[in-house]
Amino acid sequence: MTEAVARAHPNLALAKYWGKLEREGNFPAVPSLSVTLGGLSTTTRVRFDAALTADRLVLNGAAVSGTELLRAVKMMDRVRASAGSSLRAEIVSDNDFPTASGIASSASGFAALALAASRAAGVDWDAARVSSEARESSASAARSVFGGFVELAAGTPSARQVAPAGHMDLVVFVCVAGEGKKKAVSSSEGMRRTAARSPYYRAWLDMAPRNFADLRAALLAKDFEKLGELAEASALAMHASAIAAGVVYFGSVSLEGLTLVQRLREEGTAAYATMDAGPHLKVLTREADAAKVRAALASLANVSRIIESRPGGAAEIVQP
Ligand code: DP6
């Protein structure tokens, strides 16, 4: 086969990955645990073609060059090495969620690319190998290979599922911060600066594994309140360590959103906030409170849209 199409979903880290081990191969310094976001996906077609002299990448309808293309080419080089092939490929990738939505497309993108490229090249990679190759491109992508609730231990090659999508009643709202589009510092660069300059980086490295273990236990016990508290604590500690290094992803939506969910909790509604490498707010709640929480979030200023998601499935090959 010289062509394959794969689909993968983005994921939201409940226990955050922030910081890398000082060794080759993009290994996280802390364990992380995410939920795969159903209803949102990246679909990637890879076609090897003897007529091509270089890999081509078309992302959401536009040809890509520079460092973005290079990251994909590095993945393709690993696939070619594994297949013993020198053929170049055309990669066409589309996200069905908005690019500036606060949902990183690199996770679903590299999970879908690793799966589609290996299948198109005829190499028989299992899910663990696909996850490991996706991690080398972007560590959060290792988690998007699996569905439901997924962990990536520090220093290990691949992610693995902790519980399937149906394990827990969970609704995720992504509140897209529509305010000024300042160019965000990439996750990799933000991590590098945090490790180099933050007086609280060591505290983060110390706290994250305990937070992860407690969150994992809360997940297995289906204790939503505990899970939510720990997810919010992980995000706040990650951001605190980054902010102390001058890496500030928080914006007005993050701050107003945090205040709002804390007020909701005081009023008896279980809702918890988390944030990643951008100002967008993500809120965790349960089915029974979803409508109420959504209505409350709609009152936030500077939110351009609210995306609703529930735990989703694994990356998979779809019909070309
Ligand atoms: C804040 O996976 O984008 O979303 O491995 O350098 O590509 P690289 O980083 P990336 O970092 C994700 C950081 C995060 C937290 C998380 O998803 O765990």
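In each ligand, atom 1 is the first atom listed, and ligand 1 is the first ligand listed. A quick note: this is a predicted structure, and the numbers were derived from the prediction, not measured.
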Flag yes if more than 12 heavy atoms outside Asp124 fall under 6.0 Å of its CG atom; otherwise flag no. no
Subset of ligand 1 atoms that lie under 4.0 Å from at least one heavy atom of Ala13: 16 (C), 17 (O), 18 (O)
Between Arg263 and Glu266, is there a salt bridge with N-O shorter than 4.0 Å? no
Once you restrict to heavy atoms under 4.0 Å, what part of Ser138 touches ligand 1? Side chain, backbone, both or neither. both
Applying a strict 4.0 Å limit to heavy atoms, is Arg71 in contact with ligand 1? yes
Only heavy atoms count here, so choose which of Ser140, Ser188, Pro31 is nearest to atom 2 (O) of ligand 1. Ser140
Does Arg23 count as lying over the ring of Phe27, i.e. NZ or CZ under 6.0 Å from the six-ring centre, within 45 degrees of the axis? yes
Classify the contact between Glu189 and ligand 1 as side chain, backbone, both or neither, using a heavy-atom distance cut-off of under 4.0 Å. neither
Of all protein heavy atoms, the one nearest atom 14 (C) of ligand 1 is Asp276 OD1, 3.8 Å
With the threshold set at 4.0 Å, does a side-chain nitrogen-carboxylate oxygen contact exist between Lys292 and Asp289? no
For Lys20, the atoms of ligand 1 under 4.0 Å from one of its heavy atoms are 5 (O), 6 (O), 8 (P)
Pick one: which of Lys16, Glu151, Arg143 meets side-chain hydrogen bond (donor to acceptor under 3.5 Å, both in side chains) with Ser32? Arg143
Quiz question: by atom type and distance under 3.5 Å, do the side chains of Thr43 and Asp94 form a donor-acceptor pair? no
Evaluate Tyr17 for polar contact with ligand 1, using N/O atom pairs at a separation under 3.5 Å. yes
With a 4.0 Å heavy-atom cut-off (strictly under), which part of Arg143 contacts ligand 1: side chain, backbone, both or neither? side chain
Nitrogen or oxygen of Trp18 less than 3.5 angstrom from that of ligand 1: no
Numbering as shown, the atoms of ligand 1 that approach Asn26 to under 4.0 Å (heavy-atom distance): 5 (O)
When you check the gap from the basic side-chain N to the acidic O, do Arg7 and Asp96 get nearer than 4.0 Å? no
Does Arg88 make a cation-pi contact with Phe48 (under 6.0 Å, within 45 degrees of the axis)? no
